[in-house]
Amino acid sequence: MSDHIFSHLKKRVQDESVLLESLQAQPQQDAGGEDSTQTEQTRRPFSYQQPIPDDLWVRCPSCSGVMFRDDFERAHQVCTLCHHHFRINAWERIWLVADEGSFEEVDSSIRARNPIDFEGYEDKVHRLQAETGLSDAIVTGRARVEGVACLIGAMDSRFIMGSMGAAVGERVVRLFELGTAEKLPVILFTVSGGARMQEGIVSLMQMASTSAAVAKHAVAGQLYISFMTDPTTGGVTASFASLGDIILSEPGSIIGFAGRRVIEGTIFEKLPDDFQRAEFQESHGFLDAIVSRSRIKSTLGSLLAFHYPDQTSDSHAAQTMNRAKQRSLEENQTARVLRSTEDLSTRVKASDSLDLIRAKGRPNIIDYLPLIFDDYIELKGDRLYGEDAAIWGGLGLLNGEPVTIIAERKGRNLEENNQCNFGMPHPEGYRKALRLMRQAEKFGRPVLSFIDTSGAYCGVGAEERGQGEAIARNLAEMSQLKVPIVSVVIGEGGSGGALGIAVADRLAMLSNAIYSVISPRGFASLLWKDAAREREAADIMHITAADLLELGIADAIIMEPEDGAHTQAEETAAGIKQFFTEALAEIRSETVSTGELLAKRYARFRDLGPYWQE
């Protein structure tokens, strides 16, 4: 290593130490004109609060690898070898995501008191204020992220492990109250050991006050993105951190309520190594996504753009949306959406459809997403039990308009099919879909659903977790959802498993799709006690797109290429996009109020099915 480079870095470290000592004695003013002990040093991105080694290298505590310090800083303090995410402080979080020069701190004058006269507490708080430049364990303020105005809060583990006392709770509450009053989204980075023991029962009450403030913000229809970082535990996890519309985390973060040692000591069992890690929480349905540090700002920018599209004129997300608005259905003139069986040149037999919808390479939702939507992002988890890969859920842009996407997903090979359970959803899949549909209603987004399942999964676990209740709940709540719902059957529409995400204002089917009360194989097994008669059953069940159009259940047939959707996915996708666009326009032109939308949806299903009355 060059002696010149080493000497230069050593001098830089010495200069920064002198600067820190001189600035710590100078009080600052925050954006609101209030006194603040925050120094310029602690506002600098990726500043170090621990002694800086007199060398050019950093050793990773996870993999024991050694990396060049400049590379480490360029990677936002992420190991360049194993991608371990080092902890960073509150100001580093803020400068990582806020547009340059946009952050203005608020409420920095709020300080902790000693409500139970805990010995030594005040001295500890004063010492940490001097050492960190923070007033307490959180920094809050106004900012812009990718051009969108928002409020940001960031907790700091250096201040009594980010614990929440009355001062922290008050700043969180004020942040959400400000968001409610000014109709602004809130982004909150949490890192905490939980309630602050030194403030006793007062700290426990902050869980209730912060949760109530989040609830008022939600009722006002505003977005809350919770970003849990390492570690987020205890009373913070059990209050405002877990109440985000969207909950994100960094790889490897510890997230939980009770501590690992407490649990092991209680149950006398060793817990899995990944227990309470972000990956564990995502697989159990409590996170929408795990986001690496280099992608945090772009991810937040995209999420904000989906919810506040009018504010994104100068952002990358806005450029995506503007390009979307310029795209036209004229991209593919071969797309055809038929409204009557009289327009069909030939009718497909259901038994032939079975072969085509099971053809290797038939497009699934993963294939269609980039062909239909101009941008999209996946959101995971039911917030109750697990993440179900058999249902894909998220946000998308259709011709520049934000929409919520719900789709049953089959795999394209054995490995993918095992991951998504061959497209057979569990109860948690339907509950994830309902969670996202409720969000769509909150933010006024249409719901677009893709149907492709042989049926809901029937297994012991599914029954234990209430498969029937999950589907029933979806049917009832979708009937009253106050936004347009449009569905397309892209393959199999199997029984209640399909209907569980298809109580829609408009329904189309691909020309080779089927939609049935039970699979043809199940029909043959139950009625004829002979599963081998599956094809015969298919042809008498009236389950083709043409059959359902004539029955008044489907509104349109989207024509596939002659040899099936798998031969020309782009052409099929153009037809789906055309139907979605036309259906939404029809619903809006024919509906003048939410009440009328719901009344028409109710009548649509109320009137299905002929009967005699004597």
Side-chain angles (χ1 to χ4, degrees), residues 20 22-44 47 49 89-95 98 101-118 120-144 149-182 184 186-192 195-196 198-200 202-203 205-210 212-214 216-217 236 239-240:
L20 176 60
S22 64
L23 289 178
Q24 279 179 332
Q26 302 176 20
Q28 303 290 315
Q29 297 285 319
D30 70 8
E34 300 165 319
D35 289 339
S36 172
T37 56
Q38 178 62 46
T39 67
E40 188 63 27
Q41 170 67 13
T42 55
R43 293 174 186 263
R44 291 179 59 249
S47 57
Q49 302 309 314
N89 66 47
W91 283 102
E92 292 166 343
R93 286 279 175 204
I94 291 167
W95 293 124
S102 70
F103 185 79
E104 298 178 351
E105 188 176 8
V106 298
D107 298 320
S108 64
S109 62
I110 295 175
R111 300 288 193 275
R113 298 182 64 181
N114 192 355
I116 61 172
D117 296 324
F118 189 85
Y121 178 49
E122 293 175 39
D123 291 339
K124 184 171 187 176
V125 167
H126 293 153
R127 176 173 57 79
L128 288 171
Q129 287 172 340
E131 289 178 0
T132 65
L134 300 171
S135 61
D136 212 300
I138 191 170
V139 177
T140 57
R142 304 173 185 270
R144 288 187 176 271
C150 61
L151 301 175
I152 295 179
M155 302 183 78
D156 199 311
S157 62
R158 297 171 301 159
F159 206 107
I160 316 183
M161 199 50 218
S163 56
M164 178 170 61
V168 171
E170 180 65 17
R171 290 192 70 169
V172 171
V173 168
R174 290 194 185 193
L175 192 70
F176 281 98
E177 289 178 342
L178 183 61
T180 301
E182 299 190 4
L184 290 172
V186 172
I187 300 170
L188 195 48
F189 292 92
T190 59
V191 53
S192 179
R196 187 169 294 177
Q198 295 90 333
E199 293 189 23
V202 172
S203 66
M205 294 301 107
Q206 304 312 305
M207 294 170 60
S209 63
T210 55
V214 173
K216 289 188 68 174
H217 185 258
V236 169
S239 58
F240 64 89

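Listed for the Arg93 side chain is no donor-acceptor partner under 3.5 Å among the backbone atoms of Phe189. Using modelled atom types, one side-chain atom of Glu199 and one backbone atom of Ala166 make a donor-acceptor pair closer than 3.5 Å. Formation of a donor-acceptor pair under 3.5 Å by the Thr210 side chain with backbone atoms of Gln206 is found in this model. A donor-acceptor pair under 3.5 Å links the side-chain atoms of Arg171 to the main chain of Asp107, judged by distance alone. Judged by distance alone, the side chain of His126 and the main-chain N or O of Glu122 form a donor-acceptor pair under 3.5 Å. A donor-acceptor distance shorter than 3.5 angstrom exists from the side chain of Arg196 to the backbone of Ser163, with no hydrogens or angles considered. For Ser135 (side chain) and Arg111 (main-chain N/O), no donor-acceptor pair under 3.5 Å exists by modelled atom type. A donor-acceptor pair under 3.5 Å is absent between the side-chain atoms of His217 and the main chain of Leu178, judged by distance alone.
The nearest pair of heavy atoms linking Leu151 to Arg142 is CD2-CG, 3.8 Å. Heavy-atom minimum distance, Ala167 versus Asp136: CB-OD2, 3.6 Å. Across all their heavy atoms, Gln198 and Phe118 have their closest contact at O-CB, 3.5 Å. Heavy atoms only, all atoms of each residue included: Val139 and Ala90 are closest at CG2-CB, 4.0 Å. For Ser192 against Val236, the heavy-atom pair with the smallest separation is OG-CG2, 3.2 Å. Nearest heavy atom pair, residue Gly162 against residue Ala137, reads CA-CB, 3.7 Å.
Within 6.0 Å of the CZ atom in Arg113, the count of heavy atoms belonging to other residues, nucleotides or ligands does not exceed 12.
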Would Trp91 and Asp156 count as a side chain to side chain contact (heavy atoms under 4.5 Å, CB included) if you check the C-alpha gap in whole Å, the side-chain angles of each, and the deciding distance to 0.1 Å?
-> CA-CA 8 Å; Trp91 283 102; Asp156 199 311; 5.7 Å; no

Show the numbers, then the answer: is there a side chain to side chain contact (heavy atoms under 4.5 Å, CB included) between Ile116 and Tyr121?
-> CA-CA 10 Å; Ile116 61 172; Tyr121 178 49; over 6 Å; no

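Looking at Ile138 and Phe159, their side chains never come closer than 4.5 Å, going by heavy atoms from C-beta outward. Arg127 has its side chain out of reach of Asp123: every pair of non-hydrogen atoms, C-beta onward, lies at least 4.5 Å apart. At a threshold of 4.5 Å between non-hydrogen side-chain atoms, the residues Arg158 and Glu131 do not count as touching.
Annotation: the span from Asn89 atom CG to Met155 atom CE amounts to 14.0 Å, rounded to 0.5 Å. Distance CD1/Ile160 to OG1/Thr132: 10.0 Å, rounded to 0.5 Å. To the nearest 0.5 Å, the span separating NZ on Lys124 from CG on Asn114 amounts to 12.5 Å.
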